[in-house]
Peer 1: 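Just dropping this structure here.
For the numbers below, each heavy atom of this structure counts, side chains included, while hydrogens, waters and symmetry mates do not.
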Amino acid sequence: QVQLVESGGGLVQPGGSLRLSCTTSGRTLDFNSLGWFRQSPGKEREFVAAMNWRGDITPYADSVKGRFKISRNSAKTLVYLQMNDLKPEDTALYYCATSTTFLRRGEILGAREYDSWGQGTQVTVST
(Lines give C-alpha, C1' and ligand atoms only; values in the text may rest on other atoms or scores of the structure.)
Protein backbone atom coordinates (compact mmCIF):
# COMPACT_ATOMS: atom_id res chain seq x y z
CA GLN A 1 0.00 0.00 0.00
CA VAL A 2 1.26 3.43 -0.94
CA GLN A 3 0.20 6.52 0.97
CA LEU A 4 0.10 9.86 -0.79
CA VAL A 5 -0.39 13.32 0.67
CA GLU A 6 -0.71 16.42 -1.48
CA SER A 7 0.04 19.95 -0.32
CA GLY A 8 0.73 23.39 -1.71
CA GLY A 9 -2.64 24.37 -3.05
CA GLY A 10 -4.23 27.74 -2.45
CA LEU A 11 -5.69 30.89 -3.95
CA VAL A 12 -3.64 32.65 -6.62
CA GLN A 13 -4.30 35.40 -9.12
CA PRO A 14 -4.26 34.72 -12.86
CA GLY A 15 -0.68 34.66 -14.12
CA GLY A 16 0.62 33.53 -10.75
CA SER A 17 2.45 30.37 -9.76
CA LEU A 18 2.08 27.54 -7.28
CA ARG A 19 4.11 24.44 -6.54
CA LEU A 20 2.21 21.36 -5.45
CA SER A 21 3.95 18.59 -3.53
CA CYS A 22 3.06 14.94 -3.18
CA THR A 23 4.68 13.04 -0.32
CA THR A 24 4.91 9.30 -0.84
CA SER A 25 5.26 6.66 1.87
CA GLY A 26 4.64 2.97 2.40
CA ARG A 27 5.43 0.43 -0.31
CA THR A 28 6.97 2.95 -2.64
CA LEU A 29 9.00 0.27 -4.44
CA ASP A 30 5.70 -1.15 -5.71
CA PHE A 31 4.91 1.65 -8.11
CA ASN A 32 6.52 2.60 -11.39
CA SER A 33 4.68 5.71 -12.48
CA LEU A 34 3.20 8.74 -10.81
CA GLY A 35 0.63 11.14 -12.15
CA TRP A 36 -1.14 14.38 -11.35
CA PHE A 37 -4.85 14.70 -12.11
CA ARG A 38 -7.40 17.40 -11.42
CA GLN A 39 -11.14 17.60 -11.07
CA SER A 40 -13.48 20.56 -11.17
CA PRO A 41 -17.08 20.49 -9.91
CA GLY A 42 -19.33 18.79 -12.43
CA LYS A 43 -16.43 17.56 -14.54
CA GLU A 44 -14.62 14.27 -14.84
CA ARG A 45 -11.16 13.81 -13.39
CA GLU A 46 -8.63 14.76 -16.04
CA PHE A 47 -4.98 13.96 -16.61
CA VAL A 48 -2.48 16.77 -16.01
CA ALA A 49 1.04 15.28 -16.00
CA ALA A 50 2.90 12.07 -15.26
CA MET A 51 6.39 10.76 -14.72
CA ASN A 52 8.10 7.40 -14.76
CA TRP A 53 10.46 6.83 -11.89
CA ARG A 54 13.56 7.30 -13.98
CA GLY A 55 12.21 10.74 -14.73
CA ASP A 56 12.90 10.58 -18.45
CA ILE A 57 9.27 10.20 -19.56
CA THR A 58 7.02 13.12 -18.62
CA PRO A 59 3.83 13.49 -20.65
CA TYR A 60 1.61 16.54 -20.13
CA ALA A 61 -1.94 17.44 -21.03
CA ASP A 62 -2.06 19.87 -23.94
CA SER A 63 -3.78 22.45 -21.74
CA VAL A 64 -0.78 22.72 -19.40
CA LYS A 65 2.19 22.14 -21.72
CA GLY A 66 4.79 24.86 -21.36
CA ARG A 67 3.24 26.08 -18.09
CA PHE A 68 3.43 23.09 -15.72
CA LYS A 69 6.42 20.91 -14.88
CA ILE A 70 6.52 17.63 -12.97
CA SER A 71 9.64 16.66 -11.05
CA ARG A 72 10.77 14.58 -8.09
CA ASN A 73 13.49 14.52 -5.50
CA SER A 74 16.34 12.02 -5.74
CA ALA A 75 14.94 9.92 -2.89
CA LYS A 76 11.65 9.53 -4.75
CA THR A 77 9.74 10.54 -1.64
CA LEU A 78 8.49 13.83 -3.05
CA VAL A 79 6.96 14.63 -6.40
CA TYR A 80 6.28 18.19 -7.41
CA LEU A 81 4.04 19.97 -9.87
CA GLN A 82 5.31 23.46 -10.63
CA MET A 83 2.46 25.49 -12.09
CA ASN A 84 3.20 28.80 -13.79
CA ASP A 85 1.04 31.32 -15.65
CA LEU A 86 -2.04 29.97 -13.93
CA LYS A 87 -5.43 30.57 -15.51
CA PRO A 88 -8.94 30.52 -14.02
CA GLU A 89 -9.60 27.29 -15.92
CA ASP A 90 -6.83 25.63 -13.88
CA THR A 91 -9.05 25.90 -10.80
CA ALA A 92 -9.63 22.37 -9.53
CA LEU A 93 -8.88 19.82 -6.85
CA TYR A 94 -5.47 18.37 -7.73
CA TYR A 95 -4.62 14.76 -6.96
CA CYS A 96 -1.44 12.73 -7.18
CA ALA A 97 -1.65 9.02 -7.89
CA THR A 98 0.68 6.07 -8.36
CA SER A 99 0.54 3.15 -10.74
CA THR A 100 2.34 -0.18 -10.95
CA THR A 101 2.13 0.14 -14.74
CA PHE A 102 5.27 1.23 -16.54
CA LEU A 103 4.81 4.47 -18.42
CA ARG A 104 6.01 4.21 -22.01
CA ARG A 105 7.18 7.09 -24.14
CA GLY A 106 4.26 8.69 -25.97
CA GLU A 107 1.73 7.05 -23.68
CA ILE A 108 -0.67 8.52 -21.14
CA LEU A 109 -2.14 6.25 -18.49
CA GLY A 110 -5.80 6.74 -17.73
CA ALA A 111 -7.08 7.36 -14.23
CA ARG A 112 -8.25 3.74 -13.97
CA GLU A 113 -4.67 2.55 -14.33
CA TYR A 114 -3.59 4.30 -11.15
CA ASP A 115 -3.83 2.26 -7.98
CA SER A 116 -3.33 4.69 -5.11
CA TRP A 117 -4.61 8.25 -4.74
CA GLY A 118 -4.12 11.12 -2.35
CA GLN A 119 -6.94 13.22 -0.92
CA GLY A 120 -6.25 16.20 -3.13
CA THR A 121 -5.27 19.83 -2.69
CA GLN A 122 -7.44 22.71 -3.89
CA VAL A 123 -6.10 25.22 -6.39
CA THR A 124 -8.19 28.33 -7.05
CA VAL A 125 -7.15 30.87 -9.66
CA SER A 126 -9.15 34.04 -9.31
CA THR A 127 -8.94 37.80 -8.95
Side-chain angles (χ1 to χ4, degrees):
Q1 189 79 17
V2 178
Q3 290 80 46
L4 306 169
V5 179
E6 303 95 336
S7 61
L11 173 64
V12 64
Q13 293 187 344
S17 299
L18 282 175
R19 188 177 78 161
L20 305 184
S21 300
C22 176
T23 302
T24 69
S25 61
R27 298 179 62 85
T28 57
L29 294 179
D30 287 354
F31 67 92
N32 300 299
S33 305
L34 187 137
W36 284 97
F37 288 77
R38 65 187 182 187
Q39 188 167 20
S40 303
K43 295 186 178 181
E44 291 187 357
R45 192 168 296 188
E46 66 172 348
F47 168 78
V48 176
M51 171 182 278
N52 66 337
W53 269 129
R54 286 177 53 182
D56 60 346
I57 299 176
T58 54
Y60 294 90
D62 288 342
S63 59
V64 306
K65 278 181 183 176
R67 300 189 297 123
F68 291 12
K69 182 177 181 180
I70 188 171
S71 63
R72 60 166 174 79
N73 67 348
S74 57
K76 301 178 183 179
T77 55
L78 281 168
V79 182
Y80 304 103
L81 185 67
Q82 177 66 43
M83 306 186 296
N84 299 324
D85 189 24
L86 283 161
K87 304 176 180 181
E89 51 263 42
D90 295 318
T91 295
L93 189 61
Y94 282 71
Y95 299 90
C96 64
T98 59
S99 174
T100 56
T101 302
F102 286 94
L103 186 63
R104 299 177 182 179
R105 197 170 300 278
E107 177 183 54
I108 294 175
L109 301 179
R112 293 183 179 181
E113 296 178 271
Y114 286 83
D115 313 296
S116 299
W117 293 81
Q119 294 299 306
T121 184
Q122 179 67 37
V123 172
T124 302
V125 184
S126 176
T127 56

Peer 1: So, the side chain of D85 versus the backbone of R67: is there a donor-acceptor pair under 3.5 Å, distance only?
Peer 2: no
Peer 1: Are the side chain of W36 and the backbone of Y95 linked by a donor-acceptor contact shorter than 3.5 Å?
Peer 2: no
Peer 1: Which heavy atom of Y60 sits nearest to which heavy atom of F47, and what is that distance?
Peer 2: C-CE2, 3.7 Å
Peer 1: Give a yes or no on whether the backbone of G9 and the side-chain of T121 come within a donor-acceptor separation of less than 3.5 Å.
Peer 2: yes
Peer 1: Output, in order, the C-alpha distance, side-chain angles, deciding distance and verdict of side-chain hydrogen bond (donor to acceptor under 3.5 Å, both in side chains) for N32 and T100.
Peer 2: CA-CA 5 Å; N32 300 299; T100 56; 5.6 Å; no
Peer 1: Enter the distance from L34:CG to L4:CG here, rounded to the nearest 0.5 Å.
Peer 2: 6.5 Å
Peer 1: Under 3.5 Å, is there a donor-acceptor pair between the side chain of S99 and the main chain of E113?
Peer 2: yes
Peer 1: Examine the side chains of S17 and N84 and answer whether a donor and an acceptor come within less than 3.5 Å of each other.
Peer 2: yes
Peer 1: Any sub-3.5 Å donor-acceptor pair from R19's side-chain atoms to G8's backbone N or O?
Peer 2: no
Peer 1: Grab the two heavy atoms, one from L20 and one from M83, that are nearest each other, plus how far apart they are.
Peer 2: CG-CE, 3.7 Å
Peer 1: In the structure I gave you, are the side-chain heavy atoms of R105 and D56 within less than 4.5 Å of one another anywhere?
Peer 2: yes
Peer 1: Treat each ILVMFWY residue as a node, draw an edge where side-chain heavy atoms are under 4.5 Å apart, and state whether W117 and L78 are in one component.
Peer 2: no
Peer 1: Of all the heavy-atom pairs spanning F37 and L109, show the shortest one and how long it is.
Peer 2: CZ-O, 3.9 Å
Peer 1: Show the nearest heavy-atom pair for residues V12 and G16, with the distance to one decimal.
Peer 2: CG2-CA, 3.8 Å
Peer 1: At what distance, to the nearest 0.5 angstrom, does CD of E46 lie from OG of S40?
Peer 2: 6.5 Å
Peer 1: How close do L93 and Q119 get, counting heavy atoms only, and between which atoms?
Peer 2: CD2-O, 4.3 Å
Peer 1: How far does NZ of K69 sit from OG1 of T58, to the nearest 0.5 angstrom?
Peer 2: 8.5 Å
Peer 1: Indicate yes or no for a side-chain donor-acceptor contact from T127 to the backbone of P14 under 3.5 Å, with no hydrogens or angles considered.
Peer 2: no
Peer 1: Mind checking whether R38 and D90 have side chains closer than 4.5 Å, heavy atoms only?
Peer 2: yes
Peer 1: Got a donor-acceptor contact below 3.5 angstrom from the S33 side chain to the T101 backbone?
Peer 2: yes
Peer 1: In terms of relative ring orientation, are F68 and Y94 parallel, tilted or perpendicular, with 30° and 60° separating the classes?
Peer 2: tilted
Peer 1: With the 4.5 Å side-chain cut-off for hydrophobic clustering, are F31 and L103 part of the same group?
Peer 2: no
Peer 1: Taking T77 for its side chain and T24 for its backbone only, find out whether a donor-acceptor pair lies under 3.5 Å.
Peer 2: no
Peer 1: Okay, side chain of E6, backbone of C96: is any donor-acceptor separation there less than 3.5 Å?
Peer 2: yes
Peer 1: Flag the pair L18 / L86 as yes when at least one side-chain heavy-atom distance between them is below 4.5 Å, and no otherwise.
Peer 2: yes
Peer 1: Mind listing the closest non-hydrogen atom pair of W53 and V79 along with its distance?
Peer 2: CH2-CG2, 3.7 Å
